Visitor: 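Here you go, one structure.
These numbers were taken from a predicted model, which means no experiment stands behind them. Excluded from the calculations below are hydrogen atoms, water molecules and symmetry mates; all remaining heavy atoms, backbone and side chain alike, are included.
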Amino acid sequence: MKRFLLLLLAIGVLAACKSKKKSGSGTEPMTFEDFQALFTPGTLPYRLTPDTLQLKQPDSLRLDTAAMRFLTDTLTKGDFGKNEPVKYFPLQRIPGNTVNYMTIKAAGRSQSVGYLCFLDKKGKYLNRIRVANTGSADGTVTSLLIDSKNVVKISSETKLSGSRSALKEDFYMVNPDGSVTLIMTNSNGPTNAGQIFNPIDTLPRKHKFSGDYTAGDMSIVSIRDGDDPKSFQFFITFSKDNGNCKGELSGRGHYIGGNRGEYKDKESSCGIAFQFTGNRVSIREIGGCGAYRGIKCFFEGGFAKKAEKKKKK
């Protein structure tokens, strides 16, 4: 009986040792499963912003040599000084269509940088691209959005003099070998306050609620006619806290009741409620829309309708 109890105790100790999760901050052997477990599971759409990179994380979460061997030695090449100490932190792991994604934060004295790593379905590292940062020497900040169709959008915004800024958006397709193909580039060039690129600007606006509603120079709710009187198309973009928190969302909504509208994202829990009153519209989130905005602000507030410019005959 005593031998039997000792045997059970030994089995229990071995099982506990086997199931113990590696921290990534030591030199003990690590499997890919251990490495993968260090990342928070996520789903698409996924957004990585400078706000996220600025959040402080405890050193106990950083990746050490045992974990970094699953990536590349040149992960941060060209982004930090030669002798600048850099700490690496796991962010999220996301399954994709052709490859899987892992995002990693590299924090140095000069800046924090986000990298999107591509791995094949067996966990082999393929490639990485630089997708977000907290600010480079020229004042450019970069952010990432991977949509539900696995299209990677990297947005770079450079502040110019006064309230002027330049925005560039590059859209990429990810190939099975980890390489990326540039699909399209949008750039508004240097912009002045009050100038916003509106992708639905030229669409019909015959419905009584269709039009452009603004709040300040760089925030707009644009409503355009839908396929039928009960639906509408919209584009929302806003900038708050002196440009430190931004959001952008577009889609198709439907009217519910006399002066209310609603949008629900099919790929996430994001939803927007629209309330039309006179020449104003108020919006509020009715679901989590963090993939489309900064973490410190929300899709909310009131917007006044702009008078439509009369077409020249």
Visitor: If you look at every heavy atom in Phe238 and Cys297, which pair is closest and at what distance?
Guide: CE1-SG, 3.5 Å
Visitor: Within the structure provided, determine whether Leu38 and Met30 are in side-chain contact (heavy-atom separation under 4.5 Å).
Guide: yes
Visitor: With a 4.0 Å cut-off on N to O distance, would you call Arg130 and Asp79 a salt bridge?
Guide: yes
Visitor: Verify the distance criterion only: is there a donor paired with an acceptor across the side chains of Thr49 and Asp51 at less than 3.5 Å?
Guide: no
Visitor: Rounded at 0.5 Å granularity, tell me how far NZ in Lys77 sits from OG1 in Thr72.
Guide: 9.5 Å
Visitor: Can you tell me how far apart CG (Asp228) and NE2 (His254) are? Round to the nearest 0.5 Å.
Guide: 11.0 Å
Visitor: Working to the nearest 0.5 angstrom, can you tell me the gap between Leu167 CG and Ser156 OG?
Guide: 8.0 Å
Visitor: Group every Ile, Leu, Val, Met, Phe, Trp and Tyr by side-chain heavy-atom contacts under 4.5 Å, then state whether Val180 and Val131 land in the same group.
Guide: yes
Visitor: Looking at Asp265, Thr237, Asp147, which hits side-chain hydrogen bond (donor to acceptor under 3.5 Å, both in side chains) with Tyr292?
Guide: Asp265
Visitor: May I ask you to decide if the ring planes of Tyr255 and His207 are parallel, tilted or perpendicular, using 30° and 60° as cut-offs?
Guide: parallel
Visitor: What I'd like to find out is whether the side chain of Gln36 reaches to under 4.5 Å of the side chain of Asp34, using heavy atoms alone.
Guide: no
Visitor: Can you get from Phe32 to Leu75 by hopping between Ile, Leu, Val, Met, Phe, Trp and Tyr side chains that sit under 4.5 Å apart?
Guide: yes
Visitor: Would you say Ile200 and Met218 are hydrophobically clustered, going by side-chain heavy atoms of ILVMFWY under 4.5 Å?
Guide: yes
Visitor: Rounded to the nearest 0.5 Å, what's the gap from CD1 on Ile129 to OH on Tyr115? Could you check?
Guide: 12.0 Å
Visitor: Do Thr98 and Asn175 make a side-chain contact, defined as non-hydrogen atoms from C-beta onward lying under 4.5 Å apart?
Guide: no
Visitor: Is there side-chain contact between Tyr88 and Leu71, with at least one heavy-atom pair below 4.5 Å?
Guide: no
Visitor: Look at the side chain of Thr134 and the backbone N and O of Ser112, then say whether any donor-acceptor pair between them is shorter than 3.5 Å.
Guide: yes
Visitor: State plainly whether one hydrophobic cluster holds both Phe298 and Leu145, where clusters connect Ile, Leu, Val, Met, Phe, Trp and Tyr through side-chain heavy atoms under 4.5 angstrom apart.
Guide: no
Visitor: Same hydrophobic cluster for Leu48 and Leu249, using side-chain heavy-atom links shorter than 4.5 Å among ILVMFWY?
Guide: no
Visitor: Does any part of the side chain of Val152, heavy atoms only, come nearer than 4.5 Å to the side chain of Phe171, both counted from C-beta?
Guide: no
Visitor: Could you check Leu119, Val99, Asn100, Val174 and say which one makes a side chain to side chain contact (heavy atoms under 4.5 Å, CB included) with Leu126?
Guide: Val99
Visitor: Measure from the ring center of Phe70 to the ring center of Tyr125 and say whether it is less than 6.0 Å.
Guide: no
Visitor: Can you measure from CZ (Arg93) to OG1 (Thr43) and round to the nearest 0.5 angstrom?
Guide: 12.0 Å
Visitor: Do the side chain of Gln275 and the main chain of Arg260 share a donor and acceptor less than 3.5 angstrom apart?
Guide: no
Visitor: Check this for me: does any side-chain nitrogen of one of Glu84 and Arg109 sit under 4.0 Å from a carboxylate oxygen of the other?
Guide: no
Visitor: Heavy-atom distance under 4.5 Å between the side chains of Phe234 and Ile283, does that happen here?
Guide: no
Visitor: Arg280 versus Ser282: any side-chain heavy-atom pair under 4.5 Å?
Guide: no
Visitor: Are Tyr263 and Phe232 packed together at the side-chain level, in the sense that at least one heavy-atom pair is separated by less than 4.5 angstrom?
Guide: no
Visitor: Do Asp212 side-chain atoms and Ser222 backbone N/O form a donor-acceptor pair below 3.5 Å?
Guide: no
Visitor: Looking at Glu157 and Lys168, is any side-chain nitrogen of the basic one under 4.0 Å from a carboxylate oxygen of the acidic one?
Guide: no
Visitor: Are the side chain of Asn259 and the backbone of Thr277 linked by a donor-acceptor contact shorter than 3.5 Å?
Guide: no
